[in-house]
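First up is the structure itself, then whatever we jot down about it.
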Amino acid sequence: HRQDDDRSAGVARGAVDVALLRTDLATPGGHCEPLLREPRLAALPWGHPLVGRSQLTLDDLVAETIAIDPLTGTTTADLWPSERRPGRLIEIHNVDEWLTVIAAGDAIGVTAAATGYTHPHPGVCYTPLVGAPPVTVYLARPARATHPATADFLALARRVVRQPAE
């Protein structure tokens, strides 16, 4: 696991052989393929009035301040219908800042489902967000393989994702 506050997660620089991205890699010298789609979650500070609900909708979040990461995040104001968008967005610069702002009660977040597993935080409650478009997860790599096992890894990732859960 490597965290890289770069939209390409190091693929564009040749710093990594393969990366999982939640935005399409629009970089010369790189290749991206859709791997799967994951649902979204709302990230709320513990104590927020919406905590405890089994699921939320985008409409439930309209009155809230939303923390967004324009570099690596998957949430923008365009996620909401133009006539019903949140009144306030605050920009943050990485996932640690995003979690801190949410845990402090200064904002809430909208994120891909994996964030709830990869970035648990004692001050943040993740709740399923229904009715929001899922996030596409891409398998990204440099156009030319940089490691001899890249093709095997890509094939394994595709096979694992397409297998039904046991």
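Note on residues 99-112: pairs passing side-chain hydrogen bond (donor to acceptor under 3.5 Å, both in side chains), not counting sequence neighbours, are T111-T115. Sequence neighbours left out, the pairs with a member in residues 45-54 that pass side-chain hydrogen bond (donor to acceptor under 3.5 Å, both in side chains) are H48-E64, R53-D60.
Residues T127 and L50 are not in side-chain contact: their nearest non-hydrogen atoms beyond the backbone lie 4.5 Å or more apart. A heavy-atom distance below 4.5 Å is found between the side chains of L129 and L61.
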### Query
Between V124 and L44, is a side chain to side chain contact (heavy atoms under 4.5 Å, CB included) present by the stated rule, with each step listed?
CA-CA 6 Å; V124 176; L44 307 165; over 6 Å; no
### Task
Please assess I66 against L79 for the test side chain to side chain contact (heavy atoms under 4.5 Å, CB included), listing each intermediate value before the final yes or no.
CA-CA 12 Å; I66 310 293; L79 188 60; over 6 Å; no
### Message
As a quick check of understanding, evaluate side chain to side chain contact (heavy atoms under 4.5 Å, CB included) for E91 and I68, giving each step before the final call.
### Response
CA-CA 5 Å; E91 287 189 8; I68 61 167; 4.2 Å; yes
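Heavy-atom neighbours of Y126 OH from other residues, nucleotides or ligands within 6.0 Å: above the threshold of 12.
Criterion: ILVMFWY side-chain heavy atoms under 4.5 Å apart, direct or through other members. Under it, L89 and I108 are part of a common hydrophobic cluster. V62 and V51 fall within a single hydrophobic cluster, where Ile, Leu, Val, Met, Phe, Trp and Tyr side chains are chained together by heavy-atom contacts under 4.5 Å.
Taking every heavy atom of both residues into account, V110 and W98 meet most closely at N-CZ2, 4.1 Å. The two atoms that bring W80 and L58 nearest to each other are NE1-O, 3.0 Å, heavy atoms only. In terms of heavy atoms, V101 sits closest to I90 at CG1-CD1, 3.5 Å. Between A107 and P45 the shortest heavy-atom distance is O-CD, 4.0 Å.
In this structure, the separation between OG1 on T65 and CD1 on I102 is 11.5 Å, given to the nearest 0.5 Å.
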List the atom pairs, donor and acceptor, that lie under 3.5 Å between side-chain atoms in residues 33-43 and the rest of the protein, sequence neighbours left out.
{"unit_1": "E33", "atom_1": "OE1", "unit_2": "R141", "atom_2": "NH1", "d": "3.4"}
{"unit_1": "E33", "atom_1": "OE1", "unit_2": "R158", "atom_2": "NH2", "d": "2.8"}
{"unit_1": "E33", "atom_1": "OE2", "unit_2": "R158", "atom_2": "NE", "d": "2.8"}
{"unit_1": "R37", "atom_1": "NH1", "unit_2": "T136", "atom_2": "OG1", "d": "3.2"}
{"unit_1": "E38", "atom_1": "OE1", "unit_2": "A113", "atom_2": "N", "d": "3.3"}
{"unit_1": "E38", "atom_1": "OE1", "unit_2": "A114", "atom_2": "N", "d": "2.7"}
{"unit_1": "E38", "atom_1": "OE2", "unit_2": "R22", "atom_2": "NE", "d": "2.5"}
{"unit_1": "E38", "atom_1": "OE2", "unit_2": "R22", "atom_2": "NH2", "d": "2.9"}
{"unit_1": "R40", "atom_1": "NE", "unit_2": "P133", "atom_2": "O", "d": "2.6"}
{"unit_1": "R40", "atom_1": "NH1", "unit_2": "T74", "atom_2": "O", "d": "3.2"}

